[in-house]
Amino acid sequence: MARPAPDAPRPTAAAVLDDAVRVLAPDTDANRLVARIQAGTAPRSVFATFALEQHQVIAADRLSFQHLARRADGDPPVADFFELLVQGETQALKQLAGLADACELTEREITRYRPRPGCQAYPSYAARLALGGEPTDVAIALTANFAAWRGYCAIVEAAMREHYAFPEAARDFFGFFAEPAPAVEEKAREAVQHGLDTGQAQPAMAHRYGRLLQAYELMFWDAVAD
């Protein structure tokens with residue numbers, strides 16, 4: 001009589017996150033605006049538009065992460081991950097002030113700005129996930145998106161220095177996101193491991209979330225360029 005096959009080893013959080021980053025990575029030439037910025041051919045005005053749109057994006061994402069943290073109140077490792085993201089958004093908004101100043105944006109312009117729908121699709125979908133997505137799966141999807149975002153920010157920060165002569169304070173926002181974030185990565189692993197251990201994590205659903213986040217990310221950059 002044949003012996004039953006041994007149970008397959010359960011995936012680790014690190015493996016699940018690495019797989020999401022790999023599978024959901026956008027094509028290298030997908031972000032047309034970042035490519036133009038890297039070459040120094042994008043107009044300087046795109047940075048002002050970026051700053052204006054990011055004021056809206058950051059405020060919305062911070063609320064979404066706060067809600068996800070509250071929804072995960074009974075799962076401390078997951079709640080901790082989203083609470084750390086809330087702190088990051090607060091810091092990012094402070095860093096954005098340097099870019100707004102360099103673009104000579106007034107508080108009135110920032111307050112009265114009318115956002116572009118294509119730029120706000122990402123935070124709108126993030127809010128949808130905050131309402132109904134399994135928080136652990138959202139953490140997986142966000143980790144994949146953050147990897148792409150970090151790469152874009154690194155390219156833009158370098159190009160701002162090399163092609164556009166922006167001062168350091170104006171580049172701080174991109175530099176902030178371009179740097180590795182070991183604390184966020186550690187909290188993501190802890191959150192996802194908790195989700196795997198409790199059966200809450202569904203990587204296939206997380207990939208569905210992640211594909212849309214990546215698409216809306218590219219939509220953001222395209223809309224900034226319009």
Side-chain angles (χ1 to χ4, degrees), residues 21 24-62 64-65 84-107 109-110 113 115-116 118-123 126 141-185 187-188 210 213-226:
V21 170
L24 300 174
D27 293 338
T28 55
D29 58 349
N31 194 321
R32 293 170 292 181
L33 177 56
V34 167
R36 291 172 60 198
I37 292 173
Q38 185 176 28
T41 59
R44 194 180 179 89
S45 61
V46 299
F47 295 99
T49 301
F50 179 96
L52 289 164
E53 293 290 345
Q54 276 295 318
H55 272 91
Q56 306 290 325
V57 172
I58 291 170
D61 284 352
R62 185 165 55 183
S64 294
F65 298 153
L84 186 59
L85 295 189
V86 171
Q87 296 174 25
E89 295 299 306
T90 301
Q91 181 63 29
L93 189 60
K94 295 177 181 178
Q95 301 284 8
L96 190 62
L99 179 60
D101 289 345
C103 294
E104 299 181 345
L105 295 173
T106 67
E107 191 62 36
E109 288 174 313
I110 294 171
Y113 179 70
R116 301 178 180 184
C119 289
Q120 299 306 313
Y122 179 103
L142 286 171
T143 298
N145 176 246
F146 291 164
W149 168 252
R150 186 178 303 118
Y152 295 150
C153 286
I155 292 171
V156 172
E157 195 277 336
M160 290 175 73
R161 181 177 61 252
E162 296 170 8
H163 299 302
Y164 296 91
F166 273 107
E168 182 177 355
R171 306 194 310 268
D172 280 348
F173 175 86
F174 297 99
F176 173 71
F177 284 109
E179 289 294 321
V184 174
E185 293 169 3
K187 290 296 183 183
L213 283 175
Q214 298 289 53
Y216 291 136
E217 172 80 34
L218 293 172
M219 188 182 294
F220 169 86
W221 291 95
D222 284 343
V224 167
D226 287 345

Just verifying a value: how many Å separate [X] [atom1] and [Y] [atom2], rounded to the nearest 0.5 Å?
X	Y	atom1	atom2	answer
Tyr122	Trp149	OH	CH2	8.5 Å
Phe176	Cys153	CZ	SG	10.0 Å
Leu33	Thr49	CG	OG1	9.5 Å
Thr90	Leu85	OG1	CG	11.0 Å
Glu217	Phe146	CD	CZ	10.0 Å
Leu105	Leu52	CG	CG	4.5 Å

Closest approach of [X] to [Y] (non-hydrogen atoms, all atoms of both residues):
X	Y	value
Ile155	Val34	CG2-CG1, 3.7 Å
His55	Ala100	CE1-CB, 4.4 Å
Ala51	Leu96	O-CD2, 3.6 Å
Ala170	Met160	O-CE, 3.6 Å
Ser64	Pro123	OG-O, 4.5 Å
Tyr216	Ala121	CD2-CB, 3.7 Å

Please list, chain by chain and in numerical order, all residues satisfying side-chain hydrogen bond (donor to acceptor under 3.5 Å, both in side chains) with [X], sequence neighbours excluded.
X	value
Glu109	Thr106
Gln120	Glu53
Gln214	Asn145
Asn31	none

With Arg161 via salt bridge (Lys or Arg N to Asp or Glu O under 4.0 Å) - residues at least two apart: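 Arg161 satisfies salt bridge (Lys or Arg N to Asp or Glu O under 4.0 Å) with Glu157 once adjacent residues are dropped.
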Listed partners of Asp222 passing salt bridge (Lys or Arg N to Asp or Glu O under 4.0 Å), at least two apart: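 So Asp222 forms a salt bridge (Lys or Arg N to Asp or Glu O under 4.0 Å) with Arg32.
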Beyond-backbone contact of Leu99 with Gln54, side-chain heavy atoms, under 4.5 angstrom: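 When only atoms from C-beta onward are counted, Gln54 and Leu99 do not touch, as no gap falls below 4.5 Å.
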Flag if over 12 foreign heavy atoms under 6.0 Å of CD, Glu168: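 Not more than 12 within 6.0 Å, no.
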Test log, rule side-chain contact (heavy atoms from CB on, under 4.5 Å), inputs Phe50 and Ile37: CA-CA 12 Å; Phe50 179 96; Ile37 292 173; over 6 Å; no
Heavy-atom donor-acceptor pair, Arg116 side chain to Ala223 backbone, under 3.5 Å: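 Present.
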Arg36 side chain vs Ala225 backbone, donor-acceptor pair below 3.5 Å: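 Such a contact is absent between Arg36 side chain and Ala225 backbone.
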Residue pair Tyr152, Phe220: steps toward the ring-ring contact (aromatic ring centres under 6.0 Å, His included) verdict: CA-CA 12 Å; Tyr152 295 150; Phe220 169 86; over 10 Å; no
Within the 6.0 Å centroid threshold, strictly below: Phe174 and Phe166: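 So the answer is no for these two rings.
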